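Shown next, in structure tokens, is the structure this report addresses.
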Amino acid sequence: MTESAALELTPWELASIAAGLFAVDPAGCGGVALKAHAGPVRDRWLELLRGLLPASAPLRRLPLHIADGRLLGGLDLAATLKAGRPIAERGLLAESDGGVVVAAMAERLTPATAGRMAAVMDTHEVRLERDGLGMRLPTRFGVVALDEGVAEEEQVPHVLSDRLAFHLDLIPVSTREVAPPLWTAEEVSAARQRLAAVETGDEILEALCGAAVSLGIASLRVPFLALRVARAAAALDGRDTVSQEDAALAGRLVLAPRATMLPAAEEDNEEPQEQEPPPPEDTPQEEQPEQEDQDPADMDKPLEDRVLEAAKASLPAGLLAQLKMGAGSRSRSSTPGKAGALQQGNRRGRPVGTRRGELRAGARLNVIETLRAAAPWQPLRRAHALAEDPEGSRRGPRVHVRRDDFRITRFKQRTETTTIFAVDASGSAALHRLAEAKGAVELLLADCYVRRDSVGMIAFRGQGAELLLPPTRSLVRAKRSLAALPGGGGTPLAAAIDAVRELAESVQRRGDSPVAVFLTDGRANIARDGATGRAKATEDALAAARELAGRGVKTILVDTSPRPQRSAQELARALDAQYLPLPHADAASLSSAVQTATG
């Protein structure tokens with residue numbers, strides 16, 4: 001395939017090429033991170049891959065919440081209890097030797113599961129030391145990680161995606177663009193047999209490494225994955241040597257989706273190259289080199305530049321614009337509405353494994369894991385029971401379970417978030433930014449309502465702080481309380497911080513996660529006892545801030561003064577809060593900044 005033809009490929013054709021290259025060397029290429037919604041397009045691509053793989057190659061589906069015993073293998077409980085001795089069973093990764101593992105909803109894989117899969121992919125064997133068993137099972141497989149994430153933050157865990165050569169996006173592809181496969185299963189099988197004989201020159205690897213550096217790719221695995229892809233392309237094309245076109249194709253398929261920066265532009269002050277003199281007029285036409293099909297400039301380009309051009313041609317337009325603006329790294333913020341902390345317990349939530357424990361109030365016994373822990377000890381316990389009571393052991397239990405075998409199910413749940421807004425309604429704030437603060441809080445209230453978070457509101461002015469709105473999910477009540485907020489008077493900052501601390505403590509006692517957002521200029525002039533005086537009021541405010549910070553409450557301080565104030569910065573340090581100076585921001589800017597911080 002020529003470079004000019006490769007640059008004109010459609011997204012489906014690129015995905016078809018990736019399927020063919022992956023089918024040639026599944027374990028060497030690592031796998032495919034396939035971003036696509038469930039539907040006919042994704043099904044057709046999976047059918048295409050299945051048709052190119054050997055008929056004997058296993059294709060295993062990886063459930064989202066798979067247990068370690070099923071993933072890596074372990075004790076076969078039924079066979080062990082029946083035989084009276086430990087009997088091992090192979091896990092899903094060992095069963096996939098020579099084939100492909102398809103991970104559904106890979107963007108939701110836990111870091112532990114992704115890490116265990118990555119370790120097996122690196123060592124090409126499953127190492128198992130559990131349940132009284134010690135096994136090492138060789139296995140080599142490729143992975144198809146199905147990414148169904150909607151938000152940008154929902155991505156395949158990096159520890160897994162970094163080991164997958166191809167990152168494909170089939171979301172913009174329609175069913176009308178789906179075309180037949182480019183190769184037959186026999187052609188792919190022949191390429192698979194030819195792969196071991198394919199040779200690669202040092203200049204190919206150097207060009208791929210240089211292109212990866214120019215594109216801002218930090219991972220050392222990526223150039224080697226691109227090299228494996230280039231070797232598969234050569235084998236699929238019936239050649240025993242990797243060509244420059246193979247390297248360019250690997251750059252487009254492997255390097256381009258991982259680019260975080262544009263290559264540095266060439267210097268403008270480079271010395272012009274001397275042009276060769278034209279050939280004499282009397283030179284016979286047949287002796288002149290034919291250069292009709294290829295530009296001489298392209299022939300003189302280094303291999304690294306050709307790989308970079310192929311990679312740049314595959315960059316999405318949106319990403320290319322972001323890279324030109326200097327947005328080097330893609331930020332990964334947390335998913336909106338999930339600011340609540342994770343809590344572990346033994347009563348409710350999503351099961352996340354077991355632990356050794358006793359049957360106390362609220363604990364749930366995991367019968368399967370309890371029997372699994374007791375199974376390896378059955379021969380010893382039966383022999384011990386027979387030695388103590390030869391007659392009684394015949395009438396005893398078939399399975400001897402002891403207290404040390406008890407396994408309690410652990411649960412994990414994400415707590416709900418309660419956002420506490422503390423709005424400065426004093427004279428200085430009312431003079432400067434109270435209107436903008438009200439608008440920002442109203443936008444934030446709407447965002448909290450969408451995320452189903454609870455919202456509380458405290459206003460402070462005059463001699464103290466007032467709880468305008470206890471934690472609620474009612475957007476109407478919150479807006480009504482905000483509209484009725486008057487302005488003017490002193491700044492009792494210490495009283496406001498104390499009120500926020502008391503409300504946050506009550507939220508924590510309910511098991512929720514509080515987030516405090518202060519909108520103030522930080523210039524306190526009313527002390528805790530109601531006395532006026534800026535020095536005493538500032539001292540009390542800093543003392544109250546340190547008490548709130550000691551409670552571990554996540555806090556954000558938005559400086560709403562026209563210019564950033566030193567007093568607000570000192571207060572943010574005492575609160576251990578994130579400081580957001582927004583001297584020229586409107587309500588929308590305030591809302592966006594706080595949403596980013598709380599995310």
Side-chain angles (χ1 to χ4, degrees), residues 1-2 4-26 29-55 57-64 99-109 142-156 160-161 164-189 191 229 232-233 236-237 249-250 252-254 256-259 310-311 313-321:
M1 182 180 296
T2 63
S4 58
L7 296 179
E8 300 175 356
L9 294 174
T10 64
W12 174 260
E13 291 173 337
L14 283 175
S16 299
I17 294 175
L21 298 175
F22 176 55
V24 172
D25 188 13
C29 295
V32 181
L34 184 65
K35 189 172 185 63
H37 300 313
V41 175
R42 191 181 76 177
D43 294 342
R44 291 287 298 276
W45 188 89
L46 291 175
E47 292 175 2
L48 168 64
L49 177 62
R50 173 72 269 189
L52 297 177
L53 292 172
L59 186 66
R60 297 286 188 269
R61 291 271 181 173
L62 177 73
L64 178 59
V100 173
V101 175
V102 180
M105 292 186 289
E107 77 281 0
R108 299 185 182 182
L109 281 177
V143 176
V144 176
L146 301 180
D147 183 1
E148 302 178 13
V150 177
E152 183 181 356
E153 298 82 8
E154 297 177 338
Q155 297 179 356
V156 179
L160 182 59
S161 64
L164 308 182
F166 306 102
H167 291 190
L168 305 177
D169 187 0
L170 293 182
I171 292 180
V173 178
S174 64
T175 54
R176 295 188 301 271
E177 302 176 50
V178 175
L182 303 176
W183 298 281
T184 63
E186 291 75 15
E187 292 173 333
V188 173
S189 178
V229 171
L236 198 54
D237 204 25
L249 180 62
R252 183 170 188 182
L253 290 173
V254 181
R258 292 173 162 89
S314 185
L315 291 176
L319 177 60
L320 187 62

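Residues: numbered from 1 along the sequence shown. Everything quoted here is computed from the prediction, not taken from an experiment.
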Expected output: side-chain [X] to main-chain [Y] donor-acceptor under 3.5 Å:
X      : Y      : answer
Trp45  : Ala15  : yes
Glu107 : Glu148 : yes
Trp12  : Val173 : no
Lys35  : Gly149 : yes

(message) For a side-chain hydrogen bond (donor to acceptor under 3.5 Å, both in side chains) check, start with the C-alpha distance between Ser16 and Glu13, then their side-chain angles and the critical distance, and finish with the verdict.
(response) CA-CA 5 Å; Ser16 299; Glu13 291 173 337; over 6 Å; no
(request) Could you give me the CA-CA distance, side-chain angles and deciding distance for Leu109 and Val156, then say whether side chain to side chain contact (heavy atoms under 4.5 Å, CB included) is met? (result) CA-CA 7 Å; Leu109 281 177; Val156 179; 5.7 Å; no
Rounded at 0.5 Å granularity, tell me how far [atom1] in [X] sits from [atom2] in [Y].
X      : Y      : atom1 : atom2 : result
Ile17  : Trp183 : CD1   : CH2   : 5.0 Å
Leu52  : Glu47  : CG    : CD    : 12.0 Å
Glu177 : Arg44  : CD    : CZ    : 12.5 Å
Arg50  : Asp43  : CZ    : CG    : 15.0 Å
Leu236 : Glu187 : CG    : CD    : 7.5 Å
Leu170 : Leu14  : CG    : CG    : 10.5 Å

Shortest non-hydrogen separation from [X] to [Y] and the atoms involved:
X      : Y      : result
Leu64  : Ala104 : CD1-O, 4.3 Å
Leu49  : Ala19  : CD1-O, 3.9 Å
Leu21  : Cys29  : O-SG, 4.0 Å
Ala57  : Gly99  : CB-CA, 4.2 Å
Ile171 : Ala36  : CG1-CA, 4.0 Å
Leu164 : Ala145 : CD1-CB, 4.0 Å

(request) Kindly check if the number of other-residue, nucleotide or ligand heavy atoms within 6.0 Å of CZ (Arg108) is above 12? (result) no
(request) Step through the shown structure and confirm whether more than 12 heavy atoms of other residues, nucleotides or ligands are within 6.0 Å of CZ on Arg60. (result) yes
(request) Would you indicate whether the side-chain heavy atoms of Pro40 and Val178 approach each other to under 4.5 Å? (result)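 They are not in contact (no side-chain heavy atoms under 4.5 Å apart), so the answer is no.
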(message) Are the side chains of Val144 and Val101 in contact, using a 4.5 Å heavy-atom criterion?
(response)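 Heavy-atom side-chain distance check fails, nothing below 4.5 Å.
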